[in-house]
Amino acid sequence: MVVLRGLLAGTLCLAQVVSGTFRTSLTIKDFREQMTQWEVEEQINALAARDVDPSTLYPARTISVPIDHFHNDSLYEPHTNDTFELRYWFDPSHYKKGGPVIVLQSGETSGVGRLPFLQKGIVAMLAQATGGLGVILEHRYYGKSFPTANLSTESLRFLTTDQSVADMAFFAKHVVFEGLEHLDLTAPKTPYIAYGGSYAGAFVAFLRKLYPDVYWGAICSSGVTEAIYDYWQYYEAHRLFAPHDCVVATQKLTHAIDNILLGAQKSGSDDQHVQRLKAVFGLGNLTRSDDFANTVSFGIAGLQGTNWDPAENSTDFGLYCNNVSSTTLLYPGSVGHTAEVQELLDAAGYGDELDTLTNQMLNYAGYVNLTTVQGCKEETQDSCFTTYNSTFFQQDDIKQTWRAWPYQYCTEWGYLQTGSGVPATQLPLISRLIDLNYTSVICREAFNISTPPNVEAVNKHGGFGISYPRLAIIDGEKDPWRAATPHAIGLPPRPNTIDEPFILIKDGVHHWDENGLFPNETTPELPPKPVKKAQRAEVEFVKAWMKEWKKAKCTKSGAGHGGH
């Protein structure tokens, strides 16, 4: 059991970093681990893969791309005429004359992590069905695609959605694929289909609207097309779709914690209950109450990491819910804190629910200790779990890769996941101490940004209402990001057509249509029927889009205008 718990703790810690690029209020420890994540990913990809290491099948290539596509926009002053090397990988094994180039935008991470989709998953499926050539395209400022020599705030001025989308258009118009130099596979002579999931999903939706003559179609999967500053709705999927006992327990325990922390904050006193509460969770040496509230919130955030494929699925969320919802004491070593927890619950206004909440609180504390506290033994708890560290945030050399995504959400996207934004009539799943001021610490300390992000820079492309011919919208029913997509609950329904597919994957979470299995890995249960249905639909509508392409090409040729 000791060994198992140690392995679980290490796995959970790593999973929080690997899947955490879309989570705000990361700790300093998270950022330090994130700095090495991509480098480690490059080195041990073969060890993690169940199949042939895709990095040996698909060597990295680069294309020289302008750093600054918009010399008339003062946002990018001082302008530059320099270029940088943008990484990409491709698989020509399915290509047949006249087939499309299918480009998966890797988004806010290293492109190496997306390489399996060339073997199996949506890129491979579409390429096989259409005689297409599959591509993974890295995003500027991620992986090894750096336009600048450092990551200072001044250097990051070129990290905007518009510049990044322009990279993808430039790629399609100028790429020459090694070994296929005799073929002109550039757009618009060749049909280009874009795919992206999550941030990259919104990215390709904007690409399709901004560059309709370059990309013939696009699939926006879990695409967060509506930028939202205070994205408290992130936890609505958890509230609506997580196991009921887990939700109720989390709400009540979070409320009890808040009653103690906020009560002391409101009275302006150093309430003794605050220190006793931290000590129960093994975080007695963590100074700030907002850091404490954030540190104990990691478990409920795990829904996004669940996947239908056991090899891709994170079990963090299930482990958390099983712990916090159980009324049976799961950590015998916690029994000595029983009286303490009961006193705390009574002080927090839950004295009449001790029979249920006592063991749930003890299990919650045991879970936090196992998955989080034990991972911090070489440093102080403040060093591990705080989000306040001016010295750390002022580092801006090229190794500080953690700076890229926070810069994007501080300047354009928002998505600060707060507990304070939850309506007063509803108990939140994370502490109300996790507010806009807390989640924007990095904006102020790393980039000297003290104003809200310019979400209009994103929402000008259509937001919730984004729509365009041959733009598919695919979302997951239980995705925490659904509330920022055109499938957000409460929005009017749309028709699902071949021209503008609009598909909600039943029970699906975050871009569940992206990954796949080899034929010999499939079972009657895997992939699940809703995923198979969505992927079949994607194959069919892309094939239909290709028929349109060929028809349009013939029409133009017949009119004497030449081909596309």
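Taking 4.0 Å as the cut-off between side-chain N and carboxylate O, Asp396 and Arg403 do not count as a salt-bridged pair. With respect to the salt-bridge test (charged N to carboxylate O, under 4.0 angstrom), the residues Asp475 and Arg482 do not qualify. Salt-bridge check for Asp162 with Lys460: passed, with a basic side-chain N closer than 4.0 Å to an acidic carboxylate O.
Although no hydrogens or angles enter the test, the distance criterion places a donor-acceptor pair under 3.5 Å between the side chain of Thr190 and the main chain of Asp184. No donor-acceptor distance shorter than 3.5 angstrom exists from the side chain of Lys96 to the backbone of Thr130, with no hydrogens or angles considered. Side-chain N or O atoms of Thr83 include none that pairs as donor or acceptor with a backbone N or O of Pro66 at under 3.5 Å. Using modelled atom types, one side-chain atom of Glu477 and one backbone atom of Asp507 make a donor-acceptor pair closer than 3.5 Å. Formation of a donor-acceptor pair under 3.5 Å by the Gln400 side chain with backbone atoms of Trp402 is not found in this model. Here the side chain of Asn459 pairs no donor or acceptor atom with the backbone of Glu456 at under 3.5 angstrom. At distances below 3.5 Å, not a single donor-acceptor pair connects side-chain atoms of Gln128 with backbone N or O atoms of Leu126. Checked by atom type and distance alone, the side chain of Glu138 pairs as donor or acceptor with a backbone atom of Gly111 at under 3.5 Å. Looking only at distances, a side-chain donor or acceptor of Arg208 sits under 3.5 Å from a matching main-chain atom of Tyr215. Proximity of a side-chain donor or acceptor of Ser110 to a complementary backbone N or O of Gly113 within less than 3.5 Å is not detected.
For Phe177, the ring pair (Phe, Tyr, Trp, His ring centres under 6.0 Å) partners two or more places apart in sequence, or in a different chain, are Phe90. Applying the ring pair (Phe, Tyr, Trp, His ring centres under 6.0 Å) criterion to Tyr88, with sequence neighbours excluded, gives Phe171. When the side chain to side chain donor-acceptor pair (under 3.5 Å) test is applied to Glu236, the partners found at least two apart in sequence or on another chain are Arg239, Gln426. The ring pair (Phe, Tyr, Trp, His ring centres under 6.0 Å) check on Phe117 picks up nothing, with sequence neighbours excluded.
The CH2 atom of Trp405 lies 7.5 Å from the OH atom of Tyr415; values are rounded to the nearest 0.5 Å. The distance from the CG atom of Asp68 to the CG atom of Asp73 is 8.5 Å, given to the nearest 0.5 Å. Remark: Ile136 CD1 to Asp91 CG distance equals 9.5 Å, nearest 0.5 Å. One finds the CG atom of Leu180 at 6.5 Å from the CG atom of Leu133 (value rounded to the nearest 0.5 Å). Atom OG1 of Thr62 and atom NZ of Lys144 lie 12.0 Å apart (nearest 0.5 Å). For the atom pair CZ of Arg157 and CD1 of Ile67, the computed distance is 9.0 Å after rounding to the nearest 0.5 Å.
Ring geometry for Tyr76 against His79 counts as tilted: the plane angle lies between 30° and 60°, on a 0 to 90° scale. Between Phe170 and His174, the ring planes are parallel. Angles under 30° get that label, and only those over 60° would be called perpendicular. Note: Tyr235 and His238 have tilted aromatic rings, judged against thresholds of 30 and 60 degrees for the angle between ring planes.
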Next on the checklist: Between Val455 and Glu226, does the side-chain contact (heavy atoms from CB on, under 4.5 Å) criterion hold? Intermediate values first, please.
Outcome noted: CA-CA 8 Å; Val455 294; Glu226 180 79 13; over 6 Å; no
Checklist entry - Step by step, would you call Thr225 with Phe203 a side-chain contact (heavy atoms from CB on, under 4.5 Å)? => result CA-CA 8 Å; Thr225 55; Phe203 184 113; over 6 Å; no
Item to check | Test side-chain contact (heavy atoms from CB on, under 4.5 Å) applied to Leu416 and Tyr231, step by step | outcome: CA-CA 5 Å; Leu416 303 186; Tyr231 190 54; over 6 Å; no
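Shown here is Glu181, whose CD atom has more than 12 heavy atoms of other residues, nucleotides or ligands within 6.0 Å. Counting non-hydrogen atoms of neighbouring residues, nucleotides and ligands closer than 6.0 angstrom, the CG atom of Asn520 exceeds 12 such neighbours.
Looking only at atom types and distance, the side chain of Gln119 has no donor-acceptor partner in the side chain of Tyr58 under 3.5 Å away. Counting only N and O atoms by type, the side chains of Asp316 and Ser314 include a donor and acceptor under 3.5 Å apart. Donor-acceptor pairing under 3.5 Å is lacking for the side chains of Thr306 and Asn313. In this model, a donor atom of one side chain and an acceptor atom of the other lie less than 3.5 Å apart for Ser155 and Ser152. Using modelled atom types and a 3.5 Å distance limit, the side chains of Glu85 and Ser145 yield no donor-acceptor pair. Between the side chains of Glu412 and Thr160, no donor N or O sits under 3.5 Å from an acceptor N or O.
In this structure, Ile474 and Ile505 have side chains that are in contact, with non-hydrogen atoms separated by less than 4.5 Å. Looking only at side-chain heavy atoms (C-beta outward), Val509 and Phe241 stay at 4.5 Å or farther from each other. The shortest distance between side-chain heavy atoms of Leu159 and His139 falls below 4.5 Å. Side-chain atoms of Gln417 and Pro480, non-hydrogen and from C-beta on, never get closer than 4.5 Å to each other. Between Tyr407 and Tyr141, the closest side-chain pair of non-hydrogen atoms is not below 4.5 Å. Two residues are said to be in side-chain contact when any heavy atoms from C-beta on lie closer than 4.5 Å; Gln105 and Tyr195 fail this criterion. Counting only heavy atoms from C-beta outward, the side chains of Asn454 and Thr411 never approach each other to under 4.5 Å. Contact check for Trp413 versus Val224: side-chain heavy atoms found under the 4.5 Å cut-off.
Nearest heavy-atom pair across Leu183 and Tyr95 is CD1-CE2, 3.9 Å. Scanning all heavy atoms of the two residues, the minimum distance from Tyr211 to Ala166 falls at OH-CB, 3.5 Å. When all heavy atoms are compared, the tightest approach of Asp167 to Arg140 is OD2-NE, 2.6 Å. Heavy atoms only, all atoms of each residue included: Phe158 and Thr80 are closest at CZ-CG2, 3.8 Å. Closest heavy-atom contact between Ser222 and Gly476: OG-N, 4.3 Å. Among all heavy-atom pairs drawn from Phe447 and Pro406, the shortest one is CE1-C, 3.8 Å.
Annotation: ring pair (Phe, Tyr, Trp, His ring centres under 6.0 Å) contacts involving residues 485-505, sequence neighbours excluded, comprise His487-Phe502.
Both tests hold for Arg470 against Trp216: distance to the six-membered ring centre under 6.0 Å, angle to the ring axis within 45°.
The only option from His511, His510, Glu514 that meets the side chain to side chain donor-acceptor pair (under 3.5 Å) definition with Ser198 turns out to be His510. Under the side-chain contact (heavy atoms from CB on, under 4.5 Å) rule, Trp89 has a single partner from Val135, Val112, Leu57, which is Val112.
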Solution key, residues 524-546 side-chain donor-acceptor pairs under 3.5 Å, sequence neighbours excluded:
from   : atom 1 : to     : atom 2 : distance (Å)
Gln535 : NE2    : Asp513 : O      : 2.8
Gln535 : NE2    : Asn515 : O      : 3.1
Trp545 : NE1    : Ile498 : O      : 2.9

